[in-house]
2 protein chains.
Amino acid sequence: MSLEFTLLGLLNRNPRTGYDLSKIVSRTTNFYWTATQTQVYQSLKKMADRGWITSETILQTGKPSKLLYHINPEGQIAFMEWLRDPPDSPTMKEPFMVQMYFLDLLDKEEILNKIKFIQAMHEQRLQEFQEYRGNIVAADKSLKENMARSLPLKAGILFEETWITWCEQALADINEMI
Amino acid sequence: MSLEFTLLGLLNRNPRTGYDLSKIVSRTTNFYWTATQTQVYQSLKKMADRGWITSETILQTGKPSKLLYHINPEGQIAFMEWLRDPPDSPTMKEPFMVQMYFLDLLDKEEILNKIKFIQAMHEQRLQEFQEYRGNIVAADKSLKENMARSLPLKAGILFEETWITWCEQALADINEMI
DNA sequence: GATCGCATGTAAGCTGTTACATGATTTA
DNA sequence: TAAATCATGTAACAGCTTACATGCGATC
């Protein structure tokens, strides 16, 4: 259910189209709730049926026309209620770590390659997060709005650094394993 | 799909009942793929239909009889294929961080309370992980099998420590916010 | 000429959750 | 006497993924 509230929260800041929202939410980097384009369109439709948001058709020349969604007072109330509630517990789906849990069935080379692959991925993600950081620190916003952007980003950076540390230690441990 | 392979991997180590497996997989602590009891029973049925696993009824006195599942050669082949494949990318569902992303709509006290709540949760989880660690380090197993248990656990500990660090910094930042 | 970006969506299927049902034994 | 543990499961629904369809304009 948090996907709907994620979208509501974004619409509460600015009116946006399904296309805009799906770009924000589909990149793993920079967000804490990933969803596909299809899911975004489906959720927007549901929320519009429920009266939380309203769409406005915008005609464009040279580009397909688009539906700009706005949040309604009912949507704002629902959003604030969700925001004040204690958060649902996170769902863990980390296929790589599941594979590591069964690493005893692989040979040394295979294990090392798997870890190196994941390490490269996290190094890239860390870099993307750090590039993104500049925008926020430089932004001329009220302190609270600044925090709302920088604290989750800071978490992203810390987690990527932790991943990389783990990979380095794991590679060393596996290498020593004879 | 990784849930089925998680269960297969566990069955490959030891025959188990749905009840046993659901206990392992439903505690967030200590595993990287969480699932409910219902889902475990459903997945076991599917895998049995597919011929990956076989069940054996075990009658007990004073307790309900149980179905002990064993992995079949077909199941072992499917499992090893999955294990060698590059892992699927993880799915991020972190409702707490989504709420933090919209923290500008809450007042200082509410934000501090939310963070303290999550901090306490992670401190508890860290403790559980650390208690769990003793068993593994002390275990008298071959190095590879030992790694399969200790590396993912080590990751869990590092991530919990990172969460706590983030919470401490976040609390300090919010407090300084006037 | 092919692919990418813009922009919307449907259909089918798979995965996951919540609530319920049963029933004996053990512990508080 | 109430609740927890053992042990299995069904039904209904909600959430999410994959594949497909459309069509224009711009870039390679």
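Computed from a predicted structure; not experimentally measured. Proteins come first, then strands; the chains are lettered A, B, ... in the order of their sequence lines, and each starts at number 1.
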Taking only side-chain N and O atoms of B:K46, does any of them lie within less than 4.0 angstrom of OP1 or OP2 on C:dT15? yes
Whole-Å distance, A:Q37 CD to D:dA19 P, equals 15 Å
Taken to the nearest whole Å, NZ/B:K23 to C1'/D:dA4 is 13 Å
Which nucleotide sits closest to the side chain of B:Y19: D:dT5, D:dT17, C:dG16? D:dT5
Using atom CD1 of A:I58 as one end and atom C1' of C:dA7 as the other, report the distance to the nearest whole Å. 13 Å
How long is the line joining CG of B:L44 and P of C:dT15, in whole Å? 14 Å
Name the orientation class of the two ring planes belonging to B:W163 and B:F96 (parallel below 30°, tilted from 30 to 60°, perpendicular beyond 60°). tilted
Within the side chain of B:K114, is there an N or O that forms a donor-acceptor pair under 3.5 Å with the backbone of A:L83? yes
Whole-Å distance, B:R16 CZ to D:dA7 C1', equals 16 Å
With nearest nucleotides of DNA chain D determined for B:T91 and B:L68 from heavy-atom distances, which residue corresponds to the more 5′ nucleotide? B:L68
Could you tell me whether the phosphate oxygens of C:dT8, OP1 or OP2, come under 4.0 Å of any side-chain nitrogen or oxygen in A:K45? no
With a 4.0 Å limit, can you tell me whether A:K93 has a side-chain N or O closer than that to the phosphate oxygens OP1/OP2 of C:dG16? yes
OP1 or OP2 of C:dG9 versus the side-chain N and O atoms of A:Y41: is any pair under 4.0 Å? no
5′-ward residue of the pair B:D20/B:T38 relative to DNA chain D: B:D20
Round to the nearest Å and state the distance from B:K66 atom NZ to D:dA7 atom P. 5 Å
Under 3.5 Å, is there a donor-acceptor pair between the side chain of B:K144 and the main chain of A:L103? no
Judged by atom type as modelled, is there a donor-acceptor pair below 3.5 Å linking the side chain of B:R149 to the main-chain atoms of B:E145? yes
With the side chain of B:Q39 defined as its heavy atoms from C-beta on, choose the nearest nucleotide among D:dC16, C:dT17, D:dT8. C:dT17
Please state whether the rings of B:F159 and A:F159 are parallel, tilted or perpendicular, taking 30° and 60° as the class boundaries. tilted
Let me spell it out: for each of A:Q42 and A:S65, pick the nucleotide of DNA chain C with the closest heavy atom. Which residue's pick is nearer the 5' end? A:S65
Between P of C:dC14 and CE of B:M47, the distance in whole Å: 16 Å
Rounded to the nearest angstrom, tell me the gap between atom CG in B:L21 and atom P in D:dA7. 13 Å
From the candidates D:dT8, C:dA7, C:dG9, the one with an atom nearest any side-chain atom of B:T17 is D:dT8
